[in-house]
Novice: 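Let me give you the structure first, and then I'll get to my questions.
Fair warning: this is a prediction, and the values are worked out from it, not measured in the lab.
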Amino acid sequence: MVNQSIIVQFILKGFSDIPIVNAVCTGIFLIIYTFGILGHISIITVIIKDGHLHTPMYFFLKNLSFLDVCYISVIMPKVIVNTILGSEEISFLECVVQLYLFFTLAGTECSLFTAMAYDHCMAIYQPLLYGITMSGKLCWELVSTAWICGAFYSISHAINTFSFPFCGLNVIDHFFCDIPPAMRLSCFDYHANEEWSFIYSSCIILGVFILTIISYVCIISTITKIQHVQGHWKAFFTCSCHLTTILLFYGTGSSMYLRPTPDYSPIQGRLAAVFYSIITLTLNPVVYCLRNKEMKVAFKKVFHQVQRKK
C-alpha cells in the first residue's frame, strides 16, 4: 500500500550520507565556490573597465561569467545554509524552483556556447566582414535567444519531473533537486517520464552541440589554410579557451543526462554533478585568464589602476 500523505517538503542527503563527511565536503566546496564567484566577478569587472575588451568575443565572455555566477548560486547557497543550520530540508516549491532554474541556466549555457562558437567562426572564417556581421545588435539578440531557449528548455523538464504526485518517501539522494533522484520518489511508474526526459535532453543538447561542432569544423578548415605559422597559433589561441570550456562542460554533463536511465547511480550522480555544476564552472575563469594574453594584460592594467587610487 502506498502512503497517500502528500509530500510538502523533501530531504536532501547532501554530498554524503555521513554528516561529518558532508560537512567537510561542504566546507571545501564553499571555498571553491567563493573563489569561483570572485573569479567571474573579476572577469566581468575587467571587461567592463577595459575599453580594449569591448568586442563581441569579450561581450559573450562577460555574459558567460554572469551566467556561471547564477548557475553555481542556484545550488551552493542552499547546501551551505542547510549544513550550517544542521538541516536537510527543502520545501516542495523550493525544489521545483531550484530544478527549473538549474536547467534554465544549463540550457542557456549550451546555447551561449553555440553563440560564442559562431562568433569565433566569423572572426576566423570571414575576418573582413566580422565587424559588420557581429554587430552589437546581433550580439544582444544571440544572448537573449540563449536565455529564452534555456527558459523553454527547462519548462518541459520541470513539468515532466513533477507531473505525478509525490507521497511516501521524500528523501532525495543528492545535494540538490535533480531529475533522476526526484523522479524516483513519485507514487506512480516514472519510467515513461524518465525515458522522455532522456530523449528530450538528447535531442536538444546534442542539436545545440552539433551546431557548435559545425562552427569549429569551419574554424579548423580555415586554420589549416593559413600559411604562416604565427597565424596558425594566433587563430588556435583565439578558440582554445572556449573549446576547453565546452569540452569540460559537455564531457561532465553528458555523463549524467545523456545515458540510458536504468544506468543511473546515486553515487555517480553526485560525483558527476560536482564536476559539471561546481568544479567546471569554477575553472572557467582560470581557463580564460591563464590562456588569454589580452585578459592578462587587462587584469594587470586594472590592478595597477586600483593600486594608484589607494
Side-chain angles (χ1 to χ4, degrees), residues 7-45 62-110 112 147 150-151 153-155 157-158 161-162 166 170-182 185 245 248-249 252-253 256-257 266 269-286:
I7 297 298
V8 296
Q9 66 181 16
F10 294 104
I11 302 297
L12 294 174
K13 281 191 174 182
F15 296 106
S16 174
D17 298 334
I18 305 173
I20 297 178
V21 175
N22 183 58
V24 172
C25 290
T26 303
I28 293 172
F29 291 127
L30 172 59
I31 296 173
I32 295 174
Y33 169 68
T34 303
F35 277 104
I37 293 296
L38 292 176
H40 286 298
I41 292 176
S42 298
I43 287 178
I44 294 171
T45 303
K62 178 178 65 177
N63 280 274
L64 179 65
S65 291
F66 173 74
L67 176 61
D68 285 345
V69 169
C70 297
Y71 196 174
I72 196 172
S73 297
V74 168
I75 299 172
M76 283 306 298
K78 184 62 178 178
V79 175
I80 295 167
V81 170
N82 277 5
T83 302
I84 293 174
L85 298 179
S87 171
E88 298 178 330
E89 298 177 354
I90 183 171
S91 69
F92 182 87
L93 180 59
E94 281 182 306
C95 190
V96 175
V97 172
Q98 187 183 66
L99 186 144
Y100 174 76
L101 290 178
F102 180 81
F103 282 94
T104 293
L105 296 168
T108 304
E109 184 112 350
C110 293
L112 191 56
W147 279 94
Y153 168 72
S154 64
I155 288 176
H157 277 310
T161 304
F162 297 100
F166 293 83
N170 67 335
V171 179
I172 296 179
D173 198 358
H174 213 310
F175 59 91
F176 71 97
C177 290
D178 202 1
I179 292 175
L185 301 180
T245 306
L248 286 171
F249 183 79
T252 53
M256 179 65 182
Y257 299 104
R270 289 180 188 175
L271 186 60
V274 164
F275 277 94
Y276 69 74
S277 64
I278 300 176
I279 295 178
T280 299
L281 301 182
T282 305
L283 286 175
N284 284 353
V286 178

Novice: Mind checking whether Val79 and Phe176 have side chains closer than 4.5 Å, heavy atoms only?
Specialist: no

Novice: Can you sort out the partners of Phe275 under ring-ring contact (aromatic ring centres under 6.0 Å, His included), two or more places apart, ordered by chain and number?
Specialist: none

Novice: Which atom names give the shortest non-hydrogen contact between His157 and Phe103, and what distance separates them?
Specialist: CD2-CD2, 4.0 Å

Novice: Check whether any side-chain N or O of Asp173 sits under 3.5 Å from a backbone N or O of Lys13 as a donor-acceptor pair, and report yes or no.
Specialist: no

Novice: Compare every heavy atom of Cys177 with every heavy atom of Ile172, then report the nearest pair and how far apart it is.
Specialist: CD1-SG, 3.9 Å

Novice: Work out which heavy atom in Ile179 is nearest to a heavy atom in Thr161; give both atom names and the distance.
Specialist: CG1-OG1, 3.6 Å

Novice: May I have all residue pairs that pass salt bridge (Lys or Arg N to Asp or Glu O under 4.0 Å) and include part of residues 94-108, sequence neighbours excluded?
Specialist: Lys78-Glu94

Novice: Looking at OH of Tyr33 and CG of Leu38, how far apart are the two atoms once the value is rounded to the nearest 0.5 Å?
Specialist: 10.0 Å

Novice: Under the side-chain contact (heavy atoms from CB on, under 4.5 Å) rule, collect the residues that match up with Phe35, sequence neighbours excluded.
Specialist: Ile31

Novice: In sequence, state the C-alpha distance, the side-chain angles, and the governing distance for Trp147 and Leu67, and then conclude on side chain to side chain contact (heavy atoms under 4.5 Å, CB included).
Specialist: CA-CA 9 Å; Trp147 279 94; Leu67 176 61; 3.6 Å; yes

Novice: Starting at CG of Asn170, measure out to CD1 of Ile90 and round the result to the nearest 0.5 Å.
Specialist: 12.0 Å

Novice: Got Gln98 and Val74 here, is their nearest side-chain heavy-atom distance under 4.5 Å?
Specialist: yes

Novice: Tell me the closest heavy-atom pair linking Ser65 and Ile43, and the distance in Å.
Specialist: OG-CG2, 3.4 Å

Novice: Can you list every salt bridge (Lys or Arg N to Asp or Glu O under 4.0 Å) pair that touches residues 64-74, not counting sequence neighbours?
Specialist: none

Novice: Side chains of Phe175 and Ser277: closer than 4.5 Å at any heavy-atom pair?
Specialist: yes

Novice: I'd like to check the side chain to side chain donor-acceptor pair (under 3.5 Å) partners of Tyr100; sequence neighbours left out, ordered by chain and number.
Specialist: none

Novice: Strictly by salt bridge (Lys or Arg N to Asp or Glu O under 4.0 Å), give each pair with a member in residues 277-286 just once, sequence neighbours left out.
Specialist: none

Novice: Rounded at 0.5 Å granularity, tell me how far CG in Leu101 sits from OH in Tyr71.
Specialist: 11.5 Å

Novice: Could you tell me whether Leu85 atom CG has more than 12 heavy atoms of other residues or ligands within 6.0 Å of it?
Specialist: yes

Novice: Tell me, please, which residues at least two apart from Ile32 pass side-chain contact (heavy atoms from CB on, under 4.5 Å).
Specialist: Ile28, Phe29, Ile278, Thr282

Novice: Between His174 and Ala273, what is the shortest heavy-atom contact and its length?
Specialist: CE1-CB, 3.5 Å

Novice: Rounded at 0.5 Å granularity, tell me how far CZ in Phe102 sits from CD1 in Ile75.
Specialist: 4.5 Å

Novice: Enter the distance from Met76:CE to Leu30:CG here, rounded to the nearest 0.5 Å.
Specialist: 6.0 Å

Novice: Quick one: side-chain contact (heavy atoms from CB on, under 4.5 Å) partners of Val69, sequence neighbours excluded?
Specialist: Ile37, His40, Ser73

Novice: With Phe249, which residues qualify under ring-ring contact (aromatic ring centres under 6.0 Å, His included), at least two apart?
Specialist: Phe113

Novice: Mind checking side chain to side chain donor-acceptor pair (under 3.5 Å) for Thr104 and listing every partner two or more places apart, or none if nothing turns up?
Specialist: Ser154

Novice: Partners of Ser42 by side chain to side chain donor-acceptor pair (under 3.5 Å), sequence neighbours excluded?
Specialist: none

Novice: Which pair of non-hydrogen atoms, one from Phe15 and one from Asn22, has the smallest distance, and what is that distance?
Specialist: N-OD1, 2.7 Å

Novice: Hey, could you give me the CD/CG distance between Glu109 and Asn63, rounded to the nearest 0.5 Å?
Specialist: 11.5 Å

Novice: Please name all residues satisfying side-chain contact (heavy atoms from CB on, under 4.5 Å) with Glu88, sequence neighbours left out, ordered by chain then number.
Specialist: Ile11

